[in-house]
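All remarks here apply to the structure that follows.
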Amino acid sequence: VSTYSTLITGLCRVGRLPEAWGVLECMLEQGCRPMVHTYTPIVQGYCREGRVGEAMDLMAMMEKCAGCPPNVVTYNVLIRALCDAGQFNEVKQLLTESRTKGWTPSIVTYNTFMNGLCQKGKAKEALVLLGVMLGKGLDPTDFTLSILLNCLCHASRISHARYLLERSTSSRWYAGVVAYNTVMGRLCEMGHWRGVLKLLTDMIKKGVMPNTRTFNIVIRSLCIGRKCSAAKSLVCNKGFAANVVTYNTLIDWFFYHRKLSEVGHLLSDMAAGKIAVDEVTYTIFVVRLCRDGNFAKASSCFLKSLENGLSMDLLGVLINRLAYSGKIPETIRIFQNMRERKGLSLDNSIFDLTIERFCRAGYCHDKYIHNLNSILDAMLGKQ
DNA sequence: GTAGGGTTAG
């Protein structure tokens, strides 16, 4: 059963739910009884696709027919999905019913709920929930502290967050690297780059080891503080393991200030360090090239990202820029180029997206309708 | 290495 469950987990993680169901059927045929470890990943698979109704149906089936009722982990998966959908009343309902349904909310349940509230701007309610949780005798974990600090940062109570960090030395509220990263990230966002450096020294003094994320926040902070050369030497001296985020941060910064030779150096450093560029790298290039009016180069950059097997998400960014600059021939040329290259499919979703972006840019007005028509012709493959 | 859940960076 653990072999089958592992396989089902893997299939669900990559969104191959029909095959996961196939494996489930197969194990039933073999007389191998599924357990809660087998069903929960499928529940999560539905949740990830936003099919919360189907997830709940499956949980009802587990309870009534399969003789393996959902447990706290299954409920936590469902609660995460309900939070993402903003259905907080349903979550509260689940918690009040938990006793009769035979499961007990855990620290993870409360962490999930508090984080969900915080993500939707309900930091205050999250802090109330913290009180409820402590009242039940549940001990906070390092996750709880990070979620709580995130809540405080979003509620613009950053000084409260810093106060907690400074005092968090007890084992009950231990501030680890993630806790520091949370507050440092928020300070960086607000432009308080000196505060970021202060926390970096604090954490090192306390014996909390910074990780790559920490350094990436520090690097961005140094850039904001106009200490780009310090940022660059931190990377060059290999004081930490730089990754694609590190390079994207620096590339965006130098590109923004039009220091293209620096961008070139960074790209060759990446190649030398065997760090592959990703969607974000290409997005930086496309956005910056469009800003400088270099739409042809931006388009070829997008096509290159497709050749490298990256997703279509960047097309929305590019089309948006083209639409707002009224670049219809360039848009049509992208379709032609995509048609010419094998394996690149032009489907309705691409056309929907294009029309939507052009309309939003004002092209649904009568006087521009012939311009839209030329795009429609290109979609139909007419010259 | 030991089947499923919760946090942070571009």
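Please read all numbers here as calculations on a predicted model, not as lab measurements. To find a chain, count down the sequence lines: A is the first, B the second, and so on, and within it residues start at 1.
- Counting non-hydrogen atoms under 4.0 angstrom, A:Arg220 reaches the backbone sugars and phosphates but no base.
- A:Ser106 comes within contact range of at least one nucleobase, with a heavy-atom separation under 4.0 Å.
- Counting non-hydrogen atoms under 4.0 angstrom, A:Asp252 reaches nothing in the nucleic acid.
- Put simply, the side chain of A:Thr141 and the base of B:dG6 share a donor and an acceptor less than 3.5 Å apart.
- Judged by distance alone, with hydrogens and angles left aside, the side-chain atoms of A:Ser325 form no donor-acceptor pair with the main-chain N or O of A:Leu322 at under 3.5 Å.
- Checking B:dA9, B:dA3, B:dG4 against every side-chain atom of A:Ser2, the shortest atom distance belongs to B:dA3.
- Taking A:Thr141 as the reference, A:Ile107, A:Asn111, A:Phe143, A:Thr144 meet the side chain to side chain contact (heavy atoms under 4.5 Å, CB included) condition, with sequence neighbours excluded.
- Nucleic acid contact for A:Asn211: none, since no nucleic acid atom lies under 4.0 Å from a heavy atom of the residue.
- Centroid-to-centroid, the aromatic rings of A:Phe335 and A:Phe351 come within less than 6.0 Å.
- Here the side chain of A:Arg13 is nearest to one of B:dG4, B:dG6, B:dA9, namely B:dG4.
- Applying the side chain to side chain contact (heavy atoms under 4.5 Å, CB included) criterion to A:Phe358, with sequence neighbours excluded, gives A:Ile319, A:Ala323, A:Ile328, A:Thr331, A:Thr354, A:Tyr363, A:Leu372, A:Ile375.
- Residue A:Ser146 is classed as a base contact, given a heavy-atom separation below 4.0 Å to a base.
- As judged by a 4.0 angstrom heavy-atom cut-off over every strand, A:Thr249 is placed among residues touching the sugar-phosphate backbone only.
- Ranking B:dA3, B:dA9, B:dT8 by closeness to the A:Thr212 side chain, first place goes to B:dA9.
- Summarising the geometry, the separation between CG on A:Asn150 and P on B:dT8 is reported as 6 Å, rounded to the nearest angstrom.
- Within the 4.0 angstrom heavy-atom criterion, no nucleotide atom of any strand lies near A:Val43.
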Sequence neighbours excluded and cut-off under 3.5 Å, please list the side-chain donor-acceptor pairs for residues 33-45 of chain A, or say none.
| residue | atom | partner | partner atom | Å |
| --- | --- | --- | --- | --- |
| A:Thr38 | OG1 | A:Ser5 | OG | 3.0 |
| A:Thr38 | OG1 | A:Met35 | N | 2.9 |
| A:Thr38 | OG1 | A:Met35 | O | 3.1 |
| A:Thr40 | OG1 | A:Val36 | O | 2.7 |
| A:Thr40 | OG1 | A:Thr74 | OG1 | 3.0 |

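- The side-chain hydrogen bond (donor to acceptor under 3.5 Å, both in side chains) test applied to A:Glu90 returns no partner, not counting sequence neighbours.
- Within 4.0 Å (heavy atoms only), A:Val1 reaches at least one base atom of the nucleic acid.
- Within 4.0 Å (heavy atoms only), A:Gln119 reaches sugar-phosphate atoms of the nucleic acid but no base atom.
- Residue contacts shown for A:Val178 include a base, since a base heavy atom lies under 4.0 Å away.
- Straight-line distance from the CD1 atom of A:Ile284 to the C1' atom of B:dA9: 13 Å, rounded to whole Å.
- Nucleic acid contact for A:Val183: none, since no nucleic acid atom lies under 4.0 Å from a heavy atom of the residue.
- With B:dA9, B:dG4, B:dT7 as the choices, the nucleotide that has an atom nearest any side-chain atom of A:Ile147 turns out to be B:dT7.
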Show me, pair by pair, the donor-acceptor contacts under 3.5 angstrom made by side chains of residues 10-27 of chain A, not counting sequence neighbours?
| residue | atom | partner | partner atom | Å |
| --- | --- | --- | --- | --- |
| A:Arg16 | NE | A:Glu19 | OE1 | 2.9 |
| A:Arg16 | NE | A:Glu19 | OE2 | 3.4 |
| A:Arg16 | NH2 | A:Glu19 | OE2 | 2.8 |
| A:Trp21 | NE1 | A:Tyr46 | OH | 2.9 |

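- A heavy atom closer than 4.0 Å to some atom of DNA chain B occurs in A:Asn71, A:Val72, A:Val73, A:Thr74, these being the qualifying members of residues 56-74 of chain A.
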